[in-house]
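All of these numbers come straight from a predicted model, not from anything done at the bench.
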Amino acid sequence: MAKFRRRTCITLSLFILFIFSLMMGLKMLRPHKAAFGDPFGLDLLPEIRQQTPHLVKTFDSQKSDKIDSETNVKNLKSVEITVKPSKASEPYPEELPPRNYYLHVFYYSWYGNPQYDGKYIHWNHPILSHWDLRIAKKYPQGKHNPPDDIGSSFYPELGSYSSRDPSVIETHMKQMYSASIGVLALSWYPPDSNDENGEPTDNLVPTILDKAHKYNLKVTFHIEPYKNRDDKNMYQNVRYIIDKYGNHPAFYRYKTKNGSALPLFYVYDSYITTAEKWANLLTSSGSQSIRNSPYDALFIALLVEKKHRYEILRGGFDGIYTYFATNGFTYGSSYENWAKLKFFCDQFDLMFIPSVGPGYIDTSIRPWNTQNTRNRVNGKYYEDALSAALQAHPSIISITSFNEWHEGTQIEKAVPKRTSNTVYLDYRPHKPSLYLDLTRKWSEKYSKERATYALDHQLPVS
């Protein structure tokens, strides 16, 4: 019996030693960082390890979007901040195509808020009455009441911002940079002048130039129809712009066929001044001639009606643009006419600059103007416009607009927002960067196509 117990103990000891050895062997085979809860070998796949928390965040953010899409914009903005933007929406600088200096965007610096300006400016835009009193009586009157009620059908991601806020200007330049836009055409009034709903903004130009230069963007000027604009004060204002801003590295110049590097000015509502007065300024024999002087430049007239073609020619302009983002609204803004306008410009050695836009809706300030609304159709309207512009082989393409929020032509980021009285439009199901992303796509396409037909190698001075 004693011998049997001894044999049993030896057998049991050997079995325990075998089990212990087996466990030690398995431990040696397992990765040293692994825990029982981790999938075996996960740390050998760093991409998966990095993506796992991102996927959880994305799922949570999608749930949050569904929950918060009808709530206050502050909640929505917190979601935007929490979720890291994907490479598709916020490309890294090295992934971006270079700026396209033949792609211009109209930019407005007329917005204000109490923090920077002591009051709201432009966000509280008045509701404009129809000229027919019988129609006007059918619509509300008064002003918008920011920050929740603004003069726009969309709501900016930056809120009711001030154009004086340096961080806002910086963000705008980053967005243009991300869209591969090369030039911003700054809405401009002379010093101490402004539009009827705004304040003077010429003192913002130095900051805009500095911020633009930081992102290698250029700035040109979109001269607005200021009070009593004529050939004489236009000469003085062009001199002022060139003298004050012309030496800044962000000041835009366009190299012409003969090698001259000239400033370029868009002249809004040019047709309200007679061709004879423009000829005084823009022809070499004019009484106020700016030609062949240190202030010579390229002047681009707004073409609205077909008859304006020959008035623009007689006035001595260097080219035409169409501005309005409403296909069919005017002769100039109708895509079907762009080939004919390009042919006309080629005949008379004029620059043709069609204007494209993502859509149009101004019913927040002109509630009676629904017939001119152009729905965005999730970006299709914009892409159709860009395609039509490329087919015309233009000198430059202009975009209406970066931030004309009143007329709903902005490509700036917008976010969902609902108040007790208003449900703002937005870019869903796409991201707030949709129109910047589309601009970048078409900017690259335009750059490649233009190189095939621009045999004169006209280049902007960098």
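Salt bridge annotation for Arg418-Asp148: absent, with no cationic side-chain nitrogen under 4.0 angstrom from a carboxylate oxygen. By the 4.0 Å N-to-carboxylate-O rule, Arg291 lies close enough to Asp296 to be salt-bridged with it. Between Glu224 and Arg229 there is no salt bridge, since no side-chain N of the basic residue sits under 4.0 Å from a carboxylate O of the acidic one. Ion pairing between Lys307 and Glu311 fails under the 4.0 Å rule for side-chain N and carboxylate O. Between Asp349 and Lys257 a salt bridge is recorded (basic side-chain N to carboxylate O distance below 4.0 Å). Under 4.0 Å is where a charged nitrogen must lie from a carboxylate oxygen, and between Lys441 and Asp437 no such pair does. Asp426 has no carboxylate O lying under 4.0 Å from a charged side-chain N of Lys417, or vice versa, which leaves the two without a salt bridge. Salt-bridge annotation for Lys214 and Asp210: absent, with no side-chain N of the basic residue lying under 4.0 Å from a carboxylate O of the acidic one.
Of the residues listed (Trp278, Tyr268, Phe265), the one engaging Phe299 in a ring-ring contact (aromatic ring centres under 6.0 Å, His included) is Phe265, and it is the only one.
Side-chain contact between Lys244 and Asp202 is present, with heavy atoms from C-beta onward closer than 4.5 Å. For the pair Trp405/Ser153, no side-chain contact is recorded, criterion being any heavy-atom separation below 4.5 Å from C-beta on.
The side-chain tip of Arg164 does not point at the ring of Tyr116 from less than 6.0 angstrom away and within 45° of straight on. For Arg376 and Tyr435, the positive end sits near the middle of the six-membered ring, less than 6.0 Å away and at most 45° from its axis. In this structure, Arg440 forms no cation-pi arrangement with Tyr177, as its terminal cationic atom is not both closer than 6.0 Å to the ring centre and no more than 45° off the ring axis.
Contact detail for Pro358 and Gln410: the closest heavy-atom pair is CG-O, 3.6 Å. For the residue pair Leu186 and Ser109, the shortest heavy atom distance occurs at CD1-OG, 3.8 Å.
The OH atom of Tyr321 sits 5.5 Å away from the CZ atom of Phe106 when rounded to the nearest 0.5 Å. Taken from OH in Tyr331 to OG1 in Thr322, the straight-line distance is 12.0 Å, to the nearest 0.5 Å.
In this structure, His125 has its ring center closer than 6.0 angstrom to the ring center of His406.
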